[in-house]
Each structure stands twice: as C-alpha cells, then as structure tokens.
Amino acid sequence: MPDAGARPNEPEHLVVGQISKAHGTKGEAVIWPLTDQPDAVFAPGARLLLGNEDGRLNDGDTHEALMIVETRPFKKAVLVKFEGFERREDLEDYLGLYVLVPMSALAPLAEGEVFYHQLLGMTVETVEGESIGKVREVFDTEPLHLLEVVDEDDRVRLIPFAAHIVRQVEVAAGRIVIDPPAGLLEI
C-alpha cells in the first residue's frame with residue numbers, strides 16, 4: 001500500500017498514550033499505549049508532552065516534558081516512573097491526560113506505513129472509481145484493523161484494513177482505493 005507523500009497540515013505532535021491511573025505509592029503511572037512501538041516511545045530517558053486526544057498541547061501548560069526514569073510492562077499497559085514523581089498524589093493532576101511526542105522526534109515510517117490520524121477523513125473508493133465514503137474512525141482490532149467509512153447518506157461500512165482489500169493509500173491526495181470482496185459493501 002504505497003504512500004504518495006504527506007498530507008498538508010500534519011500535526012506537530014503524535015498521541016502515544018493516555019495516563020490512566022496511579023499505581024502503588026511511589027509515583028508510578030499506568031499508561032495505556034496508543035502506539036505500536038511502546039518500547040521505543042516509553043524508554044527511560046524519553047520525554048513526553050501532555051495534551052489532548054487530538055494531539056494538541058494543553059492550553060496554559062508550560063509544555064515542559066515529563067522525563068521517563070523507568071518503565072515496565074503491566075498487563076496491556078506500561079508502568080512509567082517520571083522524574084520528580086515520588087508519591088501517588090503527584091499524579092493526581094495528570095490522570096486522564098494524553099502523552100505526546102513531537103512528530104519530528106519519530107523515526108520515519110517504512111514504505112507503505114501510515115499513522116491512524118492520516119487515514120481519518122480520507123475518501124474511500126473502489127478500484128472501479130465508485131465512491132464509498134470517508135473514513136470517520138479506525139478501530140484497532142485483531143486480527144485486522146477496521147476503517148469505519150461513512151457515506152453522504154450517513155450509511156456506515158466497516159472495511160478491513162488488509163492488503164488484499166486496501167490496494168492503495170494516497171496520503172497526500174487523501175484517498176484510499178479498495179477492491180472489496182463480493183458482499184462486503186452490502187453488510
């Protein structure tokens with residue numbers, strides 16, 4: 001699924017997790033990772049910014065980065081110890097916030113890779129040129145991710161994000177070309 005370049009107005013920051021709750025009494029945070037590279041993003045020495053689910057930095061914050069001192073896996077999450085957080089109470093004002101990294105700090109994507117946010121709002125059409133709608137949401141499911149596509153009549157279709165269906169992703173053009181198997185679009 002080749003990528004034809006970046007879309008205009010790319011965000012400055014990427015959401016990589018959400019601070020869910022405090023863990024224990026020594027200032028550790030449970031973070032639900034929203035990245036497929038949690039080992040790299042939540043590594044000791046890494047710095048994370050605070051923001052919202054849209055990747056915007058929180059208004060009024062000084063935009064100081066939280067430095068990670070230690071991490072360890074915890075169920076489907078990551079336990080993170082930030083510098084200067086010594087007690088459970090130190091996390092109270094951070095619970096529910098999202099953690100971000102600057103896009104400029106990320107390794108380049110491999111050919112054919114895209115970020116979820118790049119898929120949102122893209123036009124979906126078949127290889128024959130039939131318009132299906134626009135991507136409203138991406139669901140991170142197993143074994144395949146699903147694109148929630150909505151047409152102008154508000155009809156919702158779930159399209160598996162699989163190589164045998166998604167034939168082309170043109171990020172710069174905001175277009176996804178699919179070759180749906182018989183019956184997929186009637187579901």
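Just so you know, residue 1 is the first one in the sequence shown, and it goes up from there.
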Rounded to the nearest 0.5 Å, how far apart are CE of M67 and CD of E83? 4.0 Å
Can you see whether E128 engages T126 through a side-chain donor-acceptor pair at a distance of less than 3.5 angstrom? yes
Is a salt bridge present between E86 and K26, judged by a nitrogen-to-oxygen distance below 4.0 Å? no
Which atom of V171 lies closest to which atom of Q118, heavy atoms considered: CG1-NE2, 3.8 Å
Return yes when atom CD of E137 has more than 12 non-hydrogen atoms of other residues, nucleotides or ligands closer than 6.0 Å, and no otherwise. yes
Return the minimal non-hydrogen interatomic distance between P180 and I165, and the atom names on each side. CA-CG2, 4.4 Å
Where the side chain of T71 meets the backbone of F42, is there a donor-acceptor pair that is under 3.5 Å apart? yes
Could you tell me whether E92 and R87 make a salt bridge, using a distance below 4.0 angstrom between a side-chain N and a carboxylate O? no
State the CH2-NZ distance between W32 and K21, to the nearest 0.5 angstrom. 7.5 Å
So, taking the atom named CG in D93 and the one named CG in D90, what distance separates them when rounded to the nearest 0.5 Å? 9.5 Å
Tell me whether Q37 at atom CD has more than 12 heavy atoms from other residues, nucleotides or ligands lying less than 6.0 Å away. no
Would you give the length of the straight line joining atom CG of L146 to atom OG1 of T141, rounded to the nearest 0.5 angstrom? 4.0 Å
Answer yes or no: is there an ion pair linking R175 with E170, defined by an N-O contact shorter than 4.0 Å? yes
Is the F85-Y94 ring centre distance short of 6.0 angstrom? yes
To the nearest 0.5 Å, what is the distance between CD1 (I176) and CG (L147)? 5.0 Å
Among residues at least two apart in sequence or on other chains, which ones pass salt bridge (Lys or Arg N to Asp or Glu O under 4.0 Å) with D39? none
Contacts of type ring-ring contact (aromatic ring centres under 6.0 Å, His included), residue H23, not counting sequence neighbours: F74
Using atom types as modelled and distance alone, determine if a side-chain donor or acceptor of R157 lies under 3.5 Å from a backbone N or O of L185. yes
When rounded to the nearest 0.5 angstrom, what distance separates OG in S20 from CG in L95? 8.0 Å
Under 3.5 Å: donor-acceptor pair, side chain of D153, backbone of R155: no
Sidechain N-carboxylate O distance under 4.0 Å for R72, E28: yes
Quick one: do L120 and I159 end up in the same hydrophobic cluster if we chain Ile, Leu, Val, Met, Phe, Trp and Tyr together by side-chain heavy atoms under 4.5 Å apart? yes
Would you say the side-chain atoms of R88 pair up with the backbone N or O of G24, donor to acceptor, closer than 3.5 Å? yes
